[in-house]
Amino acid sequence: MADTASNDAFVEFERVQKSYDGETLVVKDLNLTMPKGEFLTMLGPSGSGKTTCLMMLAGFETATHGDIRLGGESINGIPPHKRGIGMVFQNYALFPHMTIAENLAFPLEVRKLGKAEREEKVKRALDMVEMGDFGGRRPAQLSGGQQQRIALARALVFEPELVLMDEPLGALDKQLREKMQFEITHLAHRLGITTVYVTHDQTEALTMSDRVAVFDDGRIQQLAPPDKLYESPENSFVAQFIGENNTLEGVIKEIKGNTCVVELDDGEIIDAVPVNVSNVGDRTRVSIRPERVEYNADRLDPEAHTLKAEVLEFIYMGDIFRTRLRVAGNDEFIIKTRNAPDQVRLKPGEHIKIGWLPEDCRALDA
Amino acid sequence: MSDTTQEPMLAADGRPLKQSLARALRRQKLRALMLIAPLLIFVMVTFIIPILSMLFRSVENEIVSNTLPHTVVALQEWDSSTGEAPDENVFRHLYFDLFKASEAKEHTKLGTRLNYERTGLSSVFRTTGRRLDDMGSDFQDPLEDINENFKEGAFWYEMLSGEGGEELLESRRALWARLTGESMAGDIGFTPSPQMADMLPWATRAYTDFAIWTVIDDQDVVAEEDPWEAVYAGLAQDLQSEQTQTEIAAYDGPGAQALKDAVANLDQLPEVNFKAAFIDAKEDWGTTDLWSTMQVFSSNYTTGYFLNAVDLELTPEGVQAKPENQQIYMQLFMRTLWMALVITGACILLGYPVAWLLANLPMRTANTLMILVLLPFWTSLLVRTSAWKVLLQQQGVINDILVWLGFVGDANRLILMNNATGTIIAMTHILLPFMILPLYSVMKTIPPSYLRAAKSLGATNWTAFWRVYFPQSVPGIGAGSILVFILAIGYYITPEIVGGTSGIFISNRIAYHISSSLNWGLAAALGTILLVVVLVLYWAYDKIVGIDNVKLGG
Ligand SMILES: Nc1ncnc2c1ncn2[C@@H]1O[C@H](COP(=O)(O)OP(=O)(O)OP(=O)(O)O)[C@@H](O)[C@H]1O
Ligand SMILES: [Mg+2]
């Protein structure tokens with residue numbers, strides 16, 4: 001689903017820019033294409049412009065430049081209430097003076113549906129989120145998770161083709177959040193709804209989405225399915241932002257095809273995959289995932305380069321061990337190993353050798 | 001499960017949990033009460049007590065029985081339906097009561113009080129008061145001719161003083177105290193003789209009254225002062241009685257000779273007829289109207305003020321509507337309520353958009369706007385109202401502009417002042433902040449995401465506002481309306497200045513009765529009715545809208 005041709009594009013951002021104050025661009029040159037039925041997550045640090053993009057799509061903000069298209073038609077001039085986009089807000093925005101059933105009936109009422117049809121759809125929507133018995137209550141009488149579900153039901157009850165969710169799970173505790181993540185993705189896929197989901201929780205982004213757009217500084221840094229994002233980050237921002245990551249700094253010594261040789265700042269030599277480096281002599285940041293680092297001598301590839309390391313800290317975390325090392329002058333080099341019966345537990349002060357497969361080590365921009 | 005609900009839960013010390021909880025809460029409540037005690041006392045003293053005193057004043061009517069204690073008792077026998085003025089006995093009491101009152105200058109106050117119920121009574125009391133001395137002198141001169149001793153203050157003192165008359169003295173002193181509202185305590189240097197009180201009851205009583213007043217109020221010595229004319233009138237009255245005449249014949253104490261001379265020369269005294277004397281002084285005393293008014297208002301408490309306040313009056317025939325041309329208060333109440341409603345409505349219409357702007361504009365602009373809203377609070381109310389005078393006059397700014405723009409002709413400039421229009425315009429402006437502020441503070445708490453949510457659900461701007469935003473701002477409207485309405489209903493300065501006659505409120509009438517006509521009882525009754533009306537409306541509001549639905553902020 002990754003590279004969809006733009007002819008079956010459902011949502012399109014083309015060269016969209018946005019400035020609130022006329023001085024700084026909050027969104028810089030946004031290009032994004034979504035096919036129907038996709039679950040796309042916008043992930044990024046605070047202030048990176050995610051909500052702004054969502055608001056432009058929903059029609060509450062106008063793009064300063066560029067074109068936003070929905071189903072092939074430009075929606076720049078269409079007012080929000082005619083766009084037919086369902087929306088779940090961060091604080092749910094359930095109307096406090098209406099009951100749950102009235103809240104759900106609201107979008108149907110303004111669409112002038114008959115009473116019977118309305119009641120039927122409200123009931124179906126409530127059942128869908130397993131809140132059938134709560135129709136008579138007020139939003140204030142529900143727990144956070146229940147309100148969240150109602151907000152979702154309300155955004156879906158009028159059967160929009162596109163649903164936008166802005167950090168809908170931000171206010172929930174971890175367990176409920178995980179349960180709701182599952183329910184939302186499940187529902188979205190079952191109903192075939194196109195979803196744009198905003199979060200700054202990367203686990204949420206990875207577990208829920210078909211594709212993730214990583215935002216920073218008003219730009220999409222990488223747009224890819226979760227596995228690709230995690231395993232093949234295209235720049236050091238994405239590598240740092242998604243998951244835990246070890247970086248080592250150095251200079252490119254040699255590039256040949258799919259591999260390159262990097263000389264680290266302390267003189268050691270390692271192999272890596274060149275990603276966005278092009279010239280010998282460029283500075284680079286080499287990125288290795290903690291769980292891809294190997295230190296069992298008999299499992300190390302004899303041909304690969306190895307590095308000397310000193311164990312600084314060993315943390316027992318139940319399912320995994322987390323060990324902090326000093327590697328090439330970096331005191332924050334983390335490795336993660338599975339808690340298995342035959343696994344060696346390292347002790348602080350121990351000197352070991354570590355290594356990895358060359359394809360797990362990516363040379364990125366500095 | 002079931003036995004835990006039946007057996008009371010026990011706390012750690014073995015007491016029932018409920019009891020322990022109640023004790024703990026009680027201690028907390030007591031501490032809280034002590035914290036607010038200073039405020040509570042302040043509120044009691046400055047707020048509740050004045051209101052209670054106002055409630056009391058609206059029914060209190062002791063002035064009649066305090067001023068004319070004996071007359072009021074004697075008058076009870078009288079039947080107004082006979083169409084005749086009361087008999088001599090009532091007039092006799094009236095003379096001595098009124099004489100006392102006029103010495104203490106209290107009779108005009110009574111006249112003023114009764115004048116509220118029947119116009120003209122004030123002047124009756126004033127005119128009569130001036131004639132009381134003459135009525136007594138009619139007897140004083142012949143008595144002094146009969147025996148020189150009657151001229152001497154010391155002679156009277158010696159004749160009437162004795163031992164054992166404390167009871168009479170104290171009862172007279174108590175009446176003085178009721179009349180003047182002061183304690184009248186202190187040593188008189190005179191005790192009436194009980195023997196004389198039997199033989200010459202009217203003279204002794206009048207002399208005792210004279211003695212108390214001379215010592216306590218004038219701070220003179222009784223024996224050195226010539227008695228009041230009323231004492232001579234009292235003696236003349238006493239001498240009419242045959243029993244007194246026989247007792248005097250047997251009497252040989254101080255002044256016996258003078259008294260015997262007086263009895264012997266009784267024919268030299270003019271006829272004792274107080275009724276004729278009063279009617280001669282002012283012929284109204286011969287009418288039943290005056291007396292029936294007195295009789296109706298002789299009790300210590302009266303509904304008269306309240307009846308007056310709703311355009312009714314208390315007559316000997318019962319409660320009746322006032323004559324058409326004197327009915328003003330009901331109309332004034334209605335007008336006050338109606339205009340307060342109109343002002344509240346105008347404040348909602350004008351205040352709502354302003355509050356909305358305040359709540360939705362960027363901080364800096366909103367702050368500037370807020371200052372403009374609050375600016376009126378920094379200006380004296382009088383100045384603001386006077387400014388409206390300048391604007392609203394026929395030759396004022398508004399009319400000038402309208403004429404200049406050609407909307408109205410120069411000949412028929414609008415009358416915007418000295419009528420209800422002026423009051424409504426000026427008061428709407430003055431009370432507007434009281435609507436805007438609660439509205440603003442409620443609107444400030446409505447997150448903009450509600451409107452966005454409504455629009456994303458397909459509502460047009462208007463539907464989103466009307467179905468989602470407006471219902472949530474209703475508590476602010478409620479709070480603002482209650483504030484504005486209650487303030488408006490009791491407003492005084494603005495209607496007084498720009499209201500003319502057709503634009504004044506009931507409070508202007510209350511103020512008039514407090515400061516000009518000095519009819520505090522009626523003012524209190526009007527005020528009480530206003531208070532009750534406000535409470536009833538508040539109750540109705542609570543029933544209809546629910547007072548929980550009123551929010552002054554967050
Ligand atoms: N109404 C506004 N007026 C001016 N600047 C704004 C406005 N809304 C957002 N911004 C600015 O635009 C930038 C992007 O904001 P946006 O709300 O899109 O961030 P975000 O990615 O949603 O962040 P978060 O994860 O914290 O919600 C921020 O620097 C913010 O200060
Ligand atoms: Mg945001």
Side-chain angles (χ1 to χ4, degrees), chain A residues 20-21 51 54-61 78-99 102-113 122 125 138-140 147 150-160 162-168 196, chain B residues 348 352 355-356 359-367 438-481 541-542 544-554:
Chain A
Y20 283 105
D21 50 10
T51 302
L54 218 57
M55 288 302 158
M56 286 191 291
L57 189 50
F60 298 120
E61 298 289 352
I78 302 177
H81 66 271
K82 290 200 180 132
R83 296 194 179 185
I85 298 176
M87 188 147 184
V88 180
F89 290 81
Q90 180 159 10
N91 60 358
Y92 314 140
L94 297 176
F95 307 138
H97 57 291
M98 300 184 188
T99 64
E102 283 164 356
N103 262 283
L104 261 66
F106 183 82
L108 308 175
E109 242 171 84
V110 299
R111 286 180 171 73
K112 309 227 156 50
L113 261 64
V122 167
R138 301 256 163 169
Q147 290 185 31
I150 297 302
L152 187 61
R154 190 180 65 176
L156 298 178
V157 71
F158 60 99
E159 294 159 16
L162 176 62
V163 176
L164 312 181
M165 305 190 194
D166 191 1
E167 299 187 42
V196 181
Chain B
I348 296 176
Y352 199 94
W356 190 86
N360 289 285
L361 280 179
M363 208 49 162
R364 271 169 51 103
T365 333
N367 279 345
L439 262 177
Y440 165 71
S441 67
V442 167
M443 286 178 175
K444 197 77 193 156
T445 64
I446 305 176
S449 60
Y450 286 130
L451 271 184
R452 292 185 161 184
K455 281 186 223 167
S456 81
L457 293 171
T460 59
N461 284 343
W462 167 250
T463 316
F465 165 77
W466 183 244
R467 292 282 314 275
V468 174
Y469 195 87
F470 181 76
Q472 294 187 68
S473 67
V474 163
I477 298 183
S481 301
Y541 183 92
D542 186 26
I544 299 165
V545 184
I547 219 67
D548 312 339
N549 253 330
V550 170
K551 263 206 283 186
L552 280 169

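Lettering follows sequence order; numbering is per chain, from 1.
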Student: Which region of A:R111, side chain (C-beta onward) or backbone (N, CA, C, O), has a non-hydrogen atom less than 4.5 Å from a non-hydrogen atom of chain B, or is it both or neither?
Tutor: side chain

Student: Taking all non-hydrogen atoms of both residues, which atom of A:F95 and which atom of B:A453 are closest, and how far apart?
Tutor: CE2-CB, 4.1 Å

Student: Is there a side-chain contact between B:Y450 and A:P96 in this structure, where contact means two heavy atoms from C-beta onward sitting under 4.5 Å apart?
Tutor: yes

Student: How many angstroms lie between CZ in A:F106 and OG1 in B:T463, if you round to the nearest 0.5 Å?
Tutor: 6.5 Å

Student: Do you know which of B:G458, B:P447, B:A464, B:A454 has the most heavy-atom pairs with chain A at a distance under 4.5 angstrom?
Tutor: B:G458

Student: For B:L457 and A:F158, which heavy atoms make the closest approach, and how far apart are they?
Tutor: CD2-CE2, 3.5 Å

Student: How far apart are the closest heavy atoms of B:P471 and A:H97, and which atoms are they?
Tutor: CB-CD2, 3.4 Å

Student: How many angstroms lie between CE in A:M55 and OG in B:S456, if you round to the nearest 0.5 Å?
Tutor: 9.0 Å

Student: Answer yes when B:R452 and A:E61 have at least one side-chain N-carboxylate O distance shorter than 4.0 Å, and no when they do not.
Tutor: yes

Student: Could you tell me which non-hydrogen atom of A:N91 sits nearest to which non-hydrogen atom of B:S449, and how far apart they are?
Tutor: ND2-OG, 3.3 Å

Student: A:L94 versus chain B, heavy atoms under 4.5 Å apart: side chain, backbone, both or neither?
Tutor: backbone

Student: Can you tell me which portion of A:E109 sits under 4.5 Å from chain B's heavy atoms? Options are side chain, backbone, both or neither.
Tutor: side chain

